[in-house]
Amino acid sequence: IALIDIQLDGWQLMDSTGKGGNAGYKYTFPNFVLVTGSVVRIHTGCGANSQTNLFWCKSGWVWNNDHDIVYVFDSSGVIVEQYAY
């Protein structure tokens, strides 16, 4: 398996209410490259973006405490990852 850096510009992160084009919570990645082997955390609140932390600057809660689904869409709108808890 070849590991490559991923350009995340235009990718989106959504909770379960945003799937299917609904008006749910939707974060659109800025011009950002996820470097092979690295991790980036998406914070709901405000802050200064860095190579390891991106900030949504969303007021209020996004994620349910008891259950939710996190969807990651590529720039074409295809689900590339999902995580339910």
Side-chain angles (χ1 to χ4, degrees):
I1 297 174
L3 300 176
I4 59 171
D5 296 346
I6 301 173
Q7 174 59 255
L8 295 178
D9 182 28
W11 286 42
Q12 295 184 327
L13 180 72
M14 296 183 206
D15 76 332
S16 58
T17 63
K19 186 172 181 275
N22 294 328
Y25 299 111
K26 185 184 309 183
Y27 171 79
T28 301
F29 284 84
N31 185 11
F32 182 84
V33 175
L34 182 61
V35 177
T36 301
S38 66
V39 174
V40 63
R41 289 186 172 87
I42 312 301
H43 301 272
T44 306
C46 296
N49 288 342
S50 70
Q51 198 57 37
T52 56
N53 294 283
L54 296 174
F55 293 86
W56 194 329
C57 209
K58 177 82 176 148
S59 61
W61 301 104
V62 171
W63 309 108
N64 298 327
N65 288 333
D66 58 348
H67 69 284
D68 212 332
I69 303 173
V70 179
Y71 295 97
V72 180
F73 294 83
D74 68 12
S75 59
S76 300
V78 175
I79 296 175
V80 294
E81 188 62 62
Q82 69 182 51
Y83 175 76
Y85 65 90

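We number each residue from 1, following the sequence as shown. As the structure is a prediction and not an experimental result, all values here were calculated from the model.
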Acceptor/donor pairs from residues 72-80 side chains to any protein atom, 3.5 angstrom cut, sequence neighbours excluded:
from  : atom 1 : to    : atom 2 : distance (Å)
Asp74 : OD1    : Ser76 : N      : 2.9
Asp74 : OD1    : Gly77 : N      : 3.1
Asp74 : OD1    : Val78 : N      : 3.0

Test of ring centre spacing under 6.0 Å for Phe29 and Trp11 = no
Flag side-chain contact, heavy atom, 4.5 Å: Leu54 against Tyr27 = yes
Do the non-hydrogen side-chain atoms of Ile69 and Met14 ever get within less than 4.5 Å of each other?
-> no
Residue among Val62, Thr28, Leu8, Val70 satisfying side-chain contact (heavy atoms from CB on, under 4.5 Å) with Leu13 | Val70
The reported gap from CZ in Arg41 to CG in Asn53 (rounded to nearest 0.5 angstrom) is 7.0 Å
Starting at CG of Asp68, measure out to CG of Asp15 and round the result to the nearest 0.5 Å.
-> 5.0 Å
Is a side-chain N or O of Thr36 found less than 3.5 angstrom from the main chain of Ile4, in a donor-acceptor match?
-> yes
Ignoring hydrogens, what is the shortest heavy-atom contact between [X] and [Y]? Give both atom names and the distance.
| X | Y | answer |
| --- | --- | --- |
| Trp56 | Trp63 | CZ3-CZ2, 3.9 Å |
| Leu34 | Val40 | CD1-CG1, 3.9 Å |
| Val33 | Asp5 | CG1-CB, 3.8 Å |

Hey, what's the ring geometry for His43 with Phe55, parallel, tilted or perpendicular (30° and 60° as the breaks)?
-> parallel
Atom OH of Tyr83 with >12 non-hydrogen neighbours under 6.0 angstrom | no
